[in-house]
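Atoms within each ligand, like the ligands themselves, are counted from 1 in listed order.
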Amino acid sequence: MSRLVIVSNRVVVPEPGKPPPPGGLAVAVHAALKDREGLWFGWSGKVDDGPNVEPVVAVRDKITYVVTDLSTADYQEYYNGFANRVLWPILHYRVDLAEFNRSDLTGYLRVNGLFADQLAKLLEPDDIIWVHDYHLIPLARELRQRGFNNPIGFFLHIPCPPPDLLFTIPRQEQSLGVLSHYDLVGFQTENDRANYGRYLAMSKATVSRDGLAYSVDGRVTRIGAFPVGIETREYAGLAVEAEDSPFAHEVRDSLSGRKLFLGVDRLDYSKGIIHRLEAFGHFLENEPEWSNRVTLLQITPKSREEIPEYHDMSRAVNELVGGLNGRLGEAAWTPVRYINRSYSRPALAGIFRQSAAALVTPLRDGMNLVAKEFVAAQNPDDPGVLILSQFAGAAAELDAALIVNPHETEGMAAAMKQALEMPLDERRDRHALMYASIEKYNIDWWAETFLAKLADTRRSFLIGQLRSLFN
Ligand code: G6P
């Protein structure tokens with residue numbers, strides 16, 4: 001069996017006793033690699049301007065991690081700059097927040113070249129390469145230019161908006177345009193894939209009859225939707241164990257019998273935290289019988305703190321939480337507990353299991369694995385309710401959730417009330433439907449389906465079948 005080489009921007013080498021990093025990508029890739037022999041290459045998360053920065057190698061459970069530091073200029077231009085101030089906002093439909101500088105694009109392309117140089121020393125001829133997320137779109141071109149003809153797949157963990165938005169990315173032929181050097185490009189949902197297909201139809205590519213492949217300069221790339229899943233059964237087991245942990249008891253006791261609403265998100269403008277807090281305030285103001293009977297625990301690790309839009313948002317959320325607690329709270333009840341730290345997977349699973357509802361209400365999200373983990377963590381006999389934004393990728397699968405539009409405060413507040421008052425039978429029925437879906441389309445399904453399609457694409461290419469897609 002060929003070795004699997006995963007490449008992503010951020011790689012956290014697991015340390016015993018430390019919580020896993022926040023963010024769906026890390027959890028998904030880690031789970032996908034766990035039963036295989038593989039290598040995972042990427043940024044260490046550290047900045048180092050030393051003269052001889054060499055990648056660090058660590059082996060854990062059959063996985064070889066190779067991580068490299070970035071220089072200050074790389075960190076600013078590639079990570080804080082083009083990746084997170086151009087691609088991230090625009091792919092999340094927030095053109096208004098994008099800030100483009102040519103030097104950032106240069107830095108973005110430079111780091112992709114540096115990654116390719118370092119990978120070139122590690123790659124073997126029959127390796128299968130799987131590149132993850134928007135930071136590394138040009139990596140396949142860089143590897144092809146260095147003579148690598150390995151199968152290379154790409155998966156976009158975040159949304160892909162319609163072409164009118166994609167065309168706002170300055171010089172997009174140098175970022176999105178170079179996806180044509182991959183054999184297979186995967187998206188989270190059919191909607192994302194269709195948006196990319198429409199973009200292709202409006203650019204220089206020749207699109208196949210079925211719309212699932214395209215060709216640029218003789219290279220053929222397939223595209224498809226592969227909704228990312230979780231380790232459903234393992235997570236459910238984790239939640240059962242965690243329910244009785246001292247930490248879970250401590251949280252439960254602290255609520256003094258009140259219902260718990262839970263939000264778990266990185267501090268990011270795409271997550272709809274402000275809209276959610278406003279809706280919770282509206283709910284409490286308009287449903288006074290629920291005052292002092294429900295607490296919202298919002299767990300929000302800070303992220304990308306050097307980027308001004310994140311800083312501004314942090315301030316706005318602090319103010320909103322303070323105002324809401326001041327206006328609606330009582331001596332012995334704080335309506336919103338707002339916490340800027342992350343918790344370990346078992347700790348979170350234990351809190352999920354005792355929540356009356358999870359508020360997963362992003363303004364836009366590629367998938368949102370918190371929604372799936374919440375469902376997995378529930379007691380099927382007495383499950384909590386998932387309140388889910390129609391703009392999370394997960395809504396395409398979890399349509400038995402209470403689906404809300406996060407831009408409609410009253411609708412969100414109504415869903416909060418409905419969740420608290422939902423009859424047990426209805427909670428069970430909705431949960432059973434959602435659990436069946438995440439059990440079938442779990443993380444193994446995701447990785448196996450993507451990798452099988454990548455292998456098939458390469459085989460079809462070698463025997464000349466891909467060309468027939470265009471006739
Ligand atoms: C999202 C992205 C990931 C990213 C994660 C954490 O899930 O899709 O690529 O790693 O956020 O963001 P950070 O900037 O801290 O790596």
#### Entry: Other residues, nucleotides, ligands: >12 heavy atoms within 6.0 Å of Glu250 CD
no
### Task
Just jot down the ligand 1 atoms closer than 4.0 angstrom to any heavy atom of Arg10, in number order.
13 (P), 15 (O), 16 (O)
### Query
Relative to the ring of Tyr75, is the ring of Trp43 parallel (under 30°), tilted (30 to 60°) or perpendicular (over 60°)?
tilted
## Note on the structure
Among His135, His157, Arg266, Met367, the residue with a heavy atom nearest to atom 6 (C) of ligand 1 is Arg266
### Query
What atoms of ligand 1 come within less than 4.0 Å of a heavy atom belonging to Ile158?
8 (O)
### Query
Which is it for His132 and ligand 1 at heavy atoms under 4.0 Å: side chain, backbone, both or neither?
neither
#### Entry: Tyr79: numbered ligand 1 atoms lying under 4.0 Å from its heavy atoms
13 (P), 14 (O), 15 (O)
### Message
Angle between ring planes, Tyr196 versus Tyr214, binned at 30° and 60°: parallel, tilted or perpendicular?
### Response
perpendicular
### Test of ring centre spacing under 6.0 Å for Phe155 and Phe226
no
### Those residues that, when tested against Thr295, pass side-chain hydrogen bond (donor to acceptor under 3.5 Å, both in side chains) (two or more places apart)
Trp333
### Message
Below the 3.5 angstrom mark, is there an N/O of Asp133, backbone or side chain, next to an N/O of ligand 1?
### Response
yes
